[in-house]
Amino acid sequence: VQAEMTLAVVGATGLVGQSILEVLEERASIPVGALRPLATEGQGRAVHFRGQTLAVQSLSETGLKGADVVFFAATNAVSAEWAPRVVEYGGIAIDKSSHFRLDESVPLVVPEVNGHVLRPGPKIVASPNCSTIQLVMVLAPLLQRRQLSRVLVSTYQAVSGSGREAMEQLTRELEATLGGGTSPARSVYPHPIAMNVIPQCDRVGDLGFTGEEWKLTRETAKILGQPMRLSATAVRVPVMVGHGESVYVEFDRPVAVAEVREWLREAHGVRVADDPAFGVYPTPLQAAGNDWVWVGRLRSDPFEPRGLHLFIVSDNLRKGAASNAVDILERLIQQEG
Ligand SMILES: NC(=O)c1ccc[n+]([C@@H]2O[C@H](COP(=O)([O-])OP(=O)(O)OC[C@H]3O[C@@H](n4cnc5c(N)ncnc54)[C@H](OP(=O)(O)O)[C@@H]3O)[C@@H](O)[C@H]2O)c1
């Protein structure tokens, strides 16, 4: 990482790629000398960055060679093929895909939680799944104080988590439903998503849990550096941006809600919104467009004194993807400075 960096964004025309450009634009602390937007093909497309119009280029060796840092926000196959080459060329690849996340030689990083695992030098750094990031941001401050014996998570995931095409599908389905027309052909999901809730994100795998559910279990354990008895149900809901998570946490011994609320208030990047009698709790509309991980609805379990329930929401495109990737870059710059 150098003083004036050359950055490349693979997938610059996608939802996460666009968010990366937005977040980089907001962070004046990141010294960008040149920015290369890359996608499948240029096709005459352009992106806007810090007052400039930049032509989108096809992903190729030329676009990656000489880049100090390359953000990968395309597909697993693209990351698998190209991220190791970035390292060969002497750069750092920050990968938003899931391809390298569980690779033991690749750090999986949420800087507020385990930024200490980052080391200087050319490498691949993986950024976790969007649902995992907001979850570990809340679990880590609890784990600093107590052991957790069990965690159960149910997600309420926005369609933007599945990319641009899924947002367009929800829009078209809503228009068709509200306008009385016929729904468009299904594409991204196995069922219509407008006016619906789909208890399946990703393919069904081991023990009947989906890929998304296993990501939550395995990525969380890797980031927190300890085995976690965590199981999840991942559900897609007709929300554009902002993933919700209903979480049951069981501690090793009884804990007071007020105490947990204080721990979370002190946590970097976390905002407590917890006064339900006055309608104060996190919602996707409140989380969309900012980098906070919002948490509320804190309450003790009525039957288990070691158990506590809470609700977490964060913008899946920002802290769940782009901002976390840029936070990783910021942490690397700080290390070298
Ligand atoms: N959406 C989220 O909340 C989220 C959160 C965490 C992680 N992620 C991960 O981030 C990645 C991007 O997701 P997204 O939601 O931004 O998807 P998206 O909106 O569908 O955008 C995909 C991007 O990848 C590019 N791309 C696809 N195939 C390519 C290829 N062969 N070569 C070069 N570029 C290619 C596309 O370029 P064209 O325009 O040329 O097709 C587009 O820019 C995925 O790995 C996803 O799993 C997403």
Side-chain angles (χ1 to χ4, degrees), residues 8-23 36-47 54-64 70-83 85-86 93-101 108-110 124-136 155-171 187-189 201-203 210-212 215-216 219 234 236-237 239-245 284 287-289 291 313-328:
V9 178
V10 179
T13 54
L15 290 182
V16 174
Q18 286 287 300
S19 277
I20 289 174
L21 297 182
E22 264 171 46
V23 175
R36 304 173 184 169
L38 307 170
T40 318
E41 283 171 38
Q43 296 171 325
R45 293 176 292 176
V47 297
L54 304 172
V56 174
Q57 307 286 338
S58 317
L59 171 58
S60 71
E61 210 174 83
T62 324
L64 301 181
V70 180
F71 292 99
F72 280 88
T75 63
N76 277 13
V78 166
S79 295
E81 182 182 350
W82 293 94
R85 296 207 209 174
V86 169
I94 301 180
D95 186 22
K96 272 312 309 165
S97 87
S98 61
H99 185 77
F100 292 101
R101 288 184 193 149
L108 179 65
V109 180
V110 177
I124 300 171
V125 181
S127 180
N129 176 264
C130 35
S131 302
T132 308
I133 292 176
Q134 64 187 64
L135 181 65
V136 297
T155 70
Y156 300 69
Q157 299 188 209
V159 296
S160 56
S162 317
R164 189 180 291 290
E165 204 185 328
M167 283 181 94
E168 285 164 9
Q169 185 176 341
L170 175 57
T171 305
S187 53
V188 182
Y189 302 118
C201 302
D202 208 341
R203 293 208 188 102
T210 63
E212 188 82 357
K215 281 178 199 166
L216 272 160
E219 293 181 18
R236 190 73 59 189
V237 295
V239 164
M240 284 297 180
V241 176
H243 289 353
E245 289 175 343
D291 285 336
V313 185
S314 192
D315 182 324
N316 51 294
L317 296 175
R318 289 188 61 105
K319 187 58 192 165
S323 309
N324 195 65
V326 176
D327 290 343
I328 290 172

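As the structure lists them, so they are numbered: ligands from 1, and atoms in each ligand from 1. Hydrogens, waters and symmetry mates play no part in the numbers below; they use all other heavy atoms, side chains included.
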Atom 44 (C) of ligand 1 [closest protein heavy-atom partner, distance rounded to 0.1 Å]: A74 O, 3.1 Å
Of all the non-hydrogen atoms in the protein, which one sits nearest to atom 20 (O) of ligand 1, and at what distance? R164 N, 3.8 Å
Look at the side chain of R36 and the backbone N and O of V10, then say whether any donor-acceptor pair between them is shorter than 3.5 Å. no
Which of the numbered atoms in ligand 1 are below 4.0 angstrom from a heavy atom of A73? 11 (C), 12 (C), 23 (C), 24 (O)
Nearest protein heavy atom with distance in Å, relative to atom 6 (C) of ligand 1: K96 CE, 3.5 Å
Look only at the side chain of R318 and the backbone of S314, and say whether a donor-acceptor pair between them is shorter than 3.5 Å. no
Are any side-chain N or O atoms of N76 and backbone N or O atoms of S97, one a donor and one an acceptor, separated by less than 3.5 Å? no
What residue and heavy atom of the protein are closest to atom 48 (C) of ligand 1, and at what distance? V16 CG2, 3.5 Å
among protein heavy atoms, the one nearest atom 17 (O) of ligand 1 is G163 CA, 3.8 Å
What residues, two or more places apart in sequence or in another chain, satisfy salt bridge (Lys or Arg N to Asp or Glu O under 4.0 Å) together with R101? E219
Does any N or O in the side chain of T210 come within less than 3.5 Å of the main-chain N or O of C201, such that one atom is a donor and the other an acceptor? yes
Using 0.5 Å steps for rounding, measure from the CD atom of Q43 to the OG1 atom of T13. 8.0 Å
Under 4.0 Å from atom 12 (C) of ligand 1, can you find at least one protein heavy atom? yes
Any donor and acceptor pair, going by atom type alone, linking the side chain of Q57 with main-chain N or O of P37 inside 3.5 Å? no
Out of I20, V188, N129, T40, the nearest non-hydrogen contact to atom 33 (C) of ligand 1 is supplied by T40
Does an N or O from T13, backbone or side chain, lie closer than 3.5 Å to an N or O of ligand 1? yes
Run down the list L317, V47, V78 and name the one with the heavy atom closest to atom 31 (N) of ligand 1. V78
Using modelled atom types and a 3.5 Å cut-off, is there a donor and acceptor pairing between side-chain atoms of N316 and backbone atoms of G242? yes
Among V159, D95, N76, N316, which one puts a heavy atom closest to atom 3 (O) of ligand 1? N316
How far apart are the C-alpha atoms of E41 and R45, what are their side-chain angles, what is the distance that settles it, and do they pass the salt bridge (Lys or Arg N to Asp or Glu O under 4.0 Å) test? CA-CA 9 Å; E41 283 171 38; R45 293 176 292 176; over 6 Å; no
Contact (N/O only, under 3.5 Å) between L15 and ligand 1: yes
Polar proximity ligand 1 side, A321 side, N/O cut 3.5 Å exclusive: no
Taking atom 21 (O) of ligand 1 as the reference point, the nearest protein heavy atom with its distance: G14 CA, 3.2 Å
I'd like to check whether T75 has a polar contact with ligand 1, where a contact means an N/O of the residue lying under 3.5 Å from an N/O of the ligand. no
Taking distance alone, with N or O pairs closer than 3.5 Å, would you say H243 contacts ligand 1? no
Classify the contact between R45 and ligand 1 as side chain, backbone, both or neither, using a heavy-atom distance cut-off of under 4.0 Å. side chain
Does S160 approach ligand 1 within less than 4.0 angstrom via side chain, backbone, both or neither, non-hydrogen atoms only? backbone
